[in-house]
Amino acid sequence: MEFAYIPSPSTGVIHLGPIPLRGYAFCIIIGVFVAVWYGNKRWVARGGTSGTVADVAVWAVPFGLVGGRLYHVITDYQLYFSDGEEWTDAFKIWEGGLGIWGAIAVGALGAWLGCRRPGAPLPQWARIASGAGALVFAAWAAAKFADVSVPSWTVWIGLAGLAVTAAAGVWACARRRPGIPLPAWADALAPGIALAQAIGRWGNWFNQELYGKETDLPWALKISAGDGREEGLYHPTFLYESLWCVGVAVLVVWADRRFKLGHGRAFALYVAAYCVGRGWIEYMRVDEAHHVLGLRLNVWTSFVVFALAVVYMLLSAMLRPGREEIVEPGEGGEGGAKESADSADSARSGSGAKTSLVKDGSGADEKAEDGPSDSANASENENENASESAGKA
């Protein structure tokens, strides 16, 4: 007899006219905003400039979405490339399927590009090409979101537009000079990423996916019958991971304040702590996955990434102890203020030295001018005395 359970939504999408509003997408968007907002607060507290986190996130988020989707498609390729499957479904990111490992890895590449300071601006032709490519991709994506019937080959037009835009961005970044240190930026954003994951996991609730084994616990998740799923009560692994990620965020904030973590160690702590939870939660899941030596692939991934994160923390603590004193050189933050003050002091010292030199030089000139005048007067007096003596004689 069922006394209590967590109900699942009857649908994961509502329509505003022809526009579908998907719960999965809303959870991801809200999570991104929370991560950027909280990351910005931590960045400013470390001496950075408000808005820098958002500037870098403009690069990191799209890269992360692409990386997350690539990881999912590669590790679950049979869902898209087996007989009878539609390979274009691999691009339907709104239907769920993002791998956090790929999102973090490729998102870090985007963040690295975003952490580089502006150099030469894009030429006019590159701006036009990137803008046109973005419009083409947006038009194709909008048609797919609105469930408009379009030929399957149009996917290549959309991807071509996206490729042109990405190529222009990468080319522009190649012409930039180093700026913000990526580890410092990652440390500021680490707990925000954990909170974003906590929020994003509720997207799986809307899609009725990624649940665990059957259970009769009071907090069991009720799943309705549907494509590839059977009706029943299951472990709400999405909820377990959501709560775990909140705990990870609290742990990182506490450890960062207590131990003054820097040079990427706060981010590494987030990664290690998340892997611990992901390992046992992944083990509970019953969705289809590849297995290696009897364990799900993502369990092994958790082991490997956890080990790498711990090794990085230990080596970083030995090689670069403490925390960065300047996180945003010359950009209005604390470091920029120090540099500006030093420049101002140097300028004042330089102007003072110049003033002294001018004064000393003018004094020397005056003395030099007085010198010949005194000599001329003395000669005239000697001549007068000599004339007087000659007259008397």
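Quick caveat, the model's predicted, so the values are computed rather than measured.
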Problem set entry | Heavy-atom donor-acceptor pair, Glu324 side chain to His263 backbone, under 3.5 Å | yes

Exercise. Distance from Leu65 atom CG to Ile28 atom CD1, nearest 0.5 Å?
Worked result: 6.5 Å

For this session: For the pair Thr237 (side chain) and Leu210 (backbone), establish whether a donor and an acceptor sit closer than 3.5 Å, ignoring hydrogens and angles.
Result: yes

For this session: Quick one: closest heavy-atom pair of Leu221 and Ser8, and the distance?
Result: CD1-OG, 3.5 Å

Problem set entry | Minimum-distance pair of heavy atoms, taken over all atoms of Leu295 and Tyr283 | CD2-CE1, 4.0 Å

Problem set entry | Check: Thr49 main-chain N/O paired with Thr52 side-chain donor or acceptor under 3.5 Å | yes

Exercise. Rounded to the nearest 0.5 Å, how far does OH of Tyr5 lie from CD1 of Ile223?
Worked result: 11.5 Å

Exercise. When hydrophobic residues are tied together by side-chain contacts of less than 4.5 Å, even through go-betweens, does Ile30 share a cluster with Leu243?
Worked result: no

For this session: With side chain to side chain contact (heavy atoms under 4.5 Å, CB included) as the test, would you mind laying out the steps for Leu293 and Trp300 before giving the verdict?
Result: CA-CA 10 Å; Leu293 299 178; Trp300 287 108; 4.0 Å; yes

Problem set entry | Glu214 side chain reached by Leu233 side chain, heavy atoms, under 4.5 Å | no

Problem set entry | Residues Tyr270, Gln197; criterion side chain to side chain contact (heavy atoms under 4.5 Å, CB included); working and verdict | CA-CA 12 Å; Tyr270 145 72; Gln197 288 181 257; 2.4 Å; yes

For this session: Indicate, with yes or no, if Leu189 and Val44 share a hydrophobic cluster defined by side-chain heavy-atom contacts under 4.5 Å among Ile, Leu, Val, Met, Phe, Trp and Tyr.
Result: no

Exercise. Looking at side-chain heavy atoms only, is the closest gap between Ile104 and Ile193 below 4.5 Å?
Worked result: yes

Problem set entry | Whether over 12 other heavy atoms sit under 6.0 Å from Lys260 NZ | no

Seminar exercise, completed: Tightest non-hydrogen contact, residues Gly114 and Trp59, listed as CA-CD1, 3.6 Å

For this session: Indicate yes or no: at least one non-hydrogen side-chain atom of Ser302 is less than 4.5 angstrom from one of Glu282.
Result: no

Problem set entry | Verify same cluster id: Leu261, Leu314 (apolar side-chain graph, 4.5 Å) | yes

For this session: Report yes or no: does Arg42 contribute a side-chain atom to a donor-acceptor pair with the main-chain N or O of Ala188 at less than 3.5 Å?
Result: yes

For this session: Kindly say whether Gly212 contributes a backbone atom to a donor-acceptor pair with the side chain of Arg285 at under 3.5 angstrom?
Result: no

Problem set entry | Rounded distance [0.5 Å steps], CE in Met313 versus CG in Leu269 | 5.0 Å

Problem set entry | Any donor-acceptor N or O pair under 3.5 Å, side chains His235, Tyr240 | yes

Problem set entry | Check: Ser224 and Gln208 side chains under 4.5 Å, non-hydrogen atoms | yes

For this session: Dump the intermediate steps for side chain to side chain contact (heavy atoms under 4.5 Å, CB included) on Trp112 and Val56, then the final yes or no.
Result: CA-CA 8 Å; Trp112 176 78; Val56 178; over 6 Å; no

Problem set entry | Distance in Å, Tyr312 OH paired with Leu319 CG, rounded so as to fall on 0.5 Å steps | 9.5 Å

Problem set entry | Any donor-acceptor pair under 3.5 Å from Trp244 side chain to Val276 backbone | no

Exercise. Any idea which heavy atoms bring Pro183 and Gly264 closest together, and the distance?
Worked result: CB-N, 3.6 Å

For this session: Look up atom SG in Cys115 and atom CG in Leu182, then write down how far apart they are to the nearest 0.5 Å.
Result: 5.0 Å

Problem set entry | Spacing of CZ belonging to Arg265 relative to CG belonging to Asp256, to within rounding of 0.5 Å | 10.0 Å

Exercise. Is there side-chain contact between Glu241 and Tyr274, with at least one heavy-atom pair below 4.5 Å?
Worked result: yes

For this session: Identify which one of Phe206, Trp202, Tyr24 satisfies the ring-ring contact (aromatic ring centres under 6.0 Å, His included) criterion when paired with Phe238.
Result: Trp202

For this session: With side chain to side chain contact (heavy atoms under 4.5 Å, CB included) as the test, would you mind laying out the steps for Trp43 and Val327 before giving the verdict?
Result: CA-CA 8 Å; Trp43 181 256; Val327 297; 3.8 Å; yes

Exercise. Taking the side chain from Asp187 and the backbone from Ala266, do they hold a donor-acceptor pair closer than 3.5 Å?
Worked result: yes

Problem set entry | Hydrophobic cluster identity match, Leu308 and Leu109, side-chain contacts under 4.5 Å | no

Exercise. Hey, are the side chains of Phe259 and Trp254 touching, using non-hydrogen atoms and a 4.5 Å cut-off?
Worked result: yes

Exercise. Taking a hydrophobic cluster as the set of Ile, Leu, Val, Met, Phe, Trp and Tyr residues connected by side-chain heavy atoms closer than 4.5 Å, whether directly or through intermediates, do Val250 and Val252 fall within one such cluster?
Worked result: no

For this session: Provide the closest heavy-atom pair for Pro62 versus Ala57 in the form atom of the first, atom of the second, distance.
Result: CD-O, 3.9 Å

For this session: Looking only at non-hydrogen atoms, find the nearest pair between Ala196 and Gly31 and report the distance.
Result: CB-O, 3.2 Å

For this session: Taking only Lys NZ, Arg NE, NH1 and NH2, and the carboxylate oxygens of Asp or Glu, determine whether Glu231 and Lys222 approach each other closer than 4.0 Å.
Result: yes

Exercise. Do Arg229 and Tyr211 have side chains that get closer than 4.5 Å, going by heavy atoms?
Worked result: yes

Exercise. Going by atom types alone, do Tyr71 and Asn298 pair a side-chain donor with an acceptor below 3.5 Å?
Worked result: yes

Exercise. Less than 4.5 Å apart, any side-chain heavy atom of Val271 and any of Val305?
Worked result: yes

